[in-house]
Amino acid sequence: MSNIFYQSTRESSKKVLSSEAIVRGICEDGGLFVPDILPKLDKKLDELKSMNYRELAFYVMSKFFTDFKEEELKDCINKAYDDKFDTSVIAPLVKKGDASFLELFHGPTIAFKDMALSILPHLLKTAARNLNINKEIVILTATSGDTGKAALEGFTNVDGVKIIVFFPQDGVSEIQKMQMVTQKGENTFVVGVKGNFDDCQTGVKNIFSDKEYNKKLDDNNIVFSSANSINIGRLVPQIVYYFYSYIQMCNSNEINVGDSINFVVPTGNFGNILAAYYAKKMGLPINKLICASNENNVLYDFINTGVYDKRRELKLTISPSMDILVSSNLERLLVSLNDGNREQIKNMMDSLTSKGIYEITDEMKKGLISFYGGYSTEQETHDTIKNVFEQENYLLDTHTAVAYSVYEKYKDATNDVTKTVVVSTASPFKFTRSVMTSIDAKYDEFTDFELVEKMAELSKVRIPAAIKDINKREIKHGRICEVDEMKSVVADIINVSI
Ligand SMILES: *Cc1c(COP(=O)(O)O)cnc(C)c1O
């Protein structure tokens with residue numbers, strides 16, 4: 001099999017293999033690594049139908065990580081998708097009403113980021129070994145809530161790796177915060193930032209692109225890497241469950257092999273839905289990719305107009321993991337839309353940085369036909385949770401509710417009856433207050449932790465181990481900093497002065 005190479009979205013002179021792309025995380029020029037070609041499905045869909053999650057994961061990932069040996073990749077997959085997940089199916093598909101919900105929240109932190117972050121540490125270690133890197137790896141991550149905990153879980157006690165997580169101090173749920181600040185492991189560091197998610201993300205990007213500091217780290221035998229969704233080692237594992245849900249749709253006779261389906265994806269940084277787009281490009285029969293936003297509806301505007309305009313206030317919503325104004329992974333879509341014209345993309349990204357806005361060309365807009373963009377207001381999201389619970393006795397988390405709300409709008413607008421999978425990205429137990437008060441305002445008087453119990457009673461679903469008694473766990477991380485102190489905090493933790 002021939003190798004897949006990875007290149008920056010902003011210039012194409014350098015090509016690297018997957019190991020290097022995974023270790024580096026982001027390109028030196030600030031661009032993101034993209035595969036030079038998207039591998040095509042070379043088995044019939046019928047042949048995939050009997051595969052379990054791990055087998056399918058190997059089939060899909062081996063097409064991208066071509067410099068990993070078969071045994072190495074299988075080992076990574078086996079270590080990731082094991083009994084950390086509370087179901088051997090890993091990603092079950094649950095039919096409710098006229099949609100099928102792809103539940104991606106059965107991992108250790110009960111949100112979909114576990115799908116990628118349970119394997120990334122193993123990919124990273126293997127990649128570093130392949131490159132003969134004997135340095136200490138320091139993972140720097142900005143999180144809007146879910147990534148941070150999932151990364152901490154993934155990297156805890158992995159030898160030769162430290163992980164530092166920055167989260168917006170007032171931008172995550174109580175339970176999310178507790179999940180992070182109670183994290184065990186000598187190699188884990190969690191820092192609250194007095195700013196929003198975009199501040200955290202920009203701060204981390206600035207540290208990555210600080211050449212002088214990176215040189216200094218090099219002298220100290222340390223290298224930075226990222227666990228954010230910009231890492232190709234996170235993106236690729238997310239492609240797997242699009243194939244897997246398709247197979248499950250076939251196996252349960254919802255569809256015939258070869259039929260097209262829609263996916264509705266609650267979107268923030270555009271990583272999850274980009275993985276779906278890659279699956280489509282690889283040959284999975286997908287009709288529409290429905291991109292669901294909350295009131296931070298930059299992507300809704302972009303898909304409908306071709307103009308990306310971040311010049312607006314960030315709103316804090318009940319779906320905080322989607323409170324994002326700059327969707328980093330969109331840059332990768334642009335490469336697919338303009339046949340890899342790097343200079344054009346660099347100009348657009350420069351414009352986004354300097355002016356806060358860019359517009360894609362008419363030619364590129366045509367490529368957006370694969371997508372439908374919609375958004376859900378806060379009230380609509382609350383109503384969706386209540387309605388779905390009353391009709392189906394099924395509790396949606398706030399992010400999944402955004403997706404379902406947009407799906408209903410989509411059906412009204414298009415009359416499309418194509419079978420549809422709603423990507424369910426978090427357990428409702430992660431956002432108890434918002435979910436329970438959507439059902440009934442009376443729940444507002446309880447603490448988030450009391451609401452965990454109430455939710456279990458109401459939904460008759462057992463409390464996930466990930467958050468059981470979380471309020472009784474010992475707090476291990478109390479550090480808080482200003483946005484402009486992030487760099488010095490890192491310097492302090494890794495003991496290399498700025
Ligand atoms: C991260 C996250 C999202 C957004 O996914 P992107 O890949 O950033 O678009 C949606 N829902 C939940 C629960 C998340 O944690």
Side-chain angles (χ1 to χ4, degrees), residues 32 101-117 120 141-153 165 167-168 171-173 175-176 179-180 197-198 200-201 226-232 234-239 241-242 263-279 289-294 296-300 302-303 317-333 371 373 375-376 381 385 396-406 422-432 434-435 464 466:
L32 311 186
F101 291 86
L102 175 61
E103 294 188 348
L104 300 180
F105 54 75
H106 290 272
T109 76
I110 60 175
F112 101 97
K113 301 213 167 48
D114 289 328
M115 301 305 296
L117 282 165
L120 181 70
T141 290
T143 184
S144 55
D146 291 334
T147 302
K149 179 62 185 181
L152 289 162
E153 275 294 324
V165 170
F167 72 93
V172 301
S173 81
I175 289 173
Q176 286 178 314
Q179 279 186 302
M180 288 190 277
F197 170 66
D198 282 324
C200 297
Q201 180 154 267
S226 137
N228 272 34
S229 61
I230 48 180
N231 194 309
I232 199 82
R234 269 188 64 184
L235 190 57
V236 170
Q238 294 182 353
I239 300 171
Y241 48 74
Y242 288 99
F263 284 100
V264 193
V265 187
T267 299
N269 224 356
F270 210 77
N272 202 359
I273 196 166
L274 183 75
Y277 179 76
Y278 280 2
L289 294 169
I290 301 167
C291 175
S293 300
N294 63 24
N296 295 296
N297 55 5
V298 192
L299 287 167
Y300 161 79
F302 173 74
I303 289 168
T317 72
I318 56 170
S319 45
S321 302
M322 297 157 67
D323 290 345
I324 290 174
L325 293 181
V326 179
S327 300
S328 304
N329 274 295
L330 190 66
E331 188 172 339
R332 288 190 162 115
L333 177 69
F371 294 89
Y375 74 98
S376 177
T381 306
I385 292 171
L396 302 181
D397 101 285
T398 48
H399 304 75
T400 311
V402 166
Y404 194 76
S405 164
V406 168
V422 176
V423 177
S424 183
T425 50
S427 159
F429 281 97
K430 208 154 183 176
F431 301 95
T432 49
S434 305
V435 172

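Note that the structure is a prediction, hence the values are computed from the model and not measured. Remember, it's 1-based here, ligands and their atoms both numbered in the order they're listed. Throughout, residue positions are numbered sequentially from 1 according to the sequence presented.
Side chains of His106 and Ser427 form no contact here, defined as non-hydrogen atoms less than 4.5 Å apart.
Remark: side-chain polar atoms of Thr398 are paired, donor with acceptor, to backbone N or O of Ile318 under 3.5 angstrom.
The salt bridge (charged side-chain N to carboxylate O under 4.0 Å, His left out) search around Lys149 returns Glu153, not counting sequence neighbours.
Protein residues are said to neighbour a ligand when one of their heavy atoms lies under 4.0 Å from it; for ligand 1 these are Phe112, Lys113, Asp146, Pro266, Thr267, Gly268, Asn269, Phe270, Gly271, Asn272, Ser321, Met322, His399, Thr425, Ala426.
Using modelled atom types and a 3.5 Å distance limit, the side chains of Thr143 and Thr141 yield no donor-acceptor pair.
The structure places OH of Tyr278 at 8.0 Å from CG of Leu333, a figure rounded to the nearest 0.5 Å.
Ring pair Phe112/Tyr241 is perpendicular by interplanar angle, where above 60° counts as perpendicular and below 30° as parallel.
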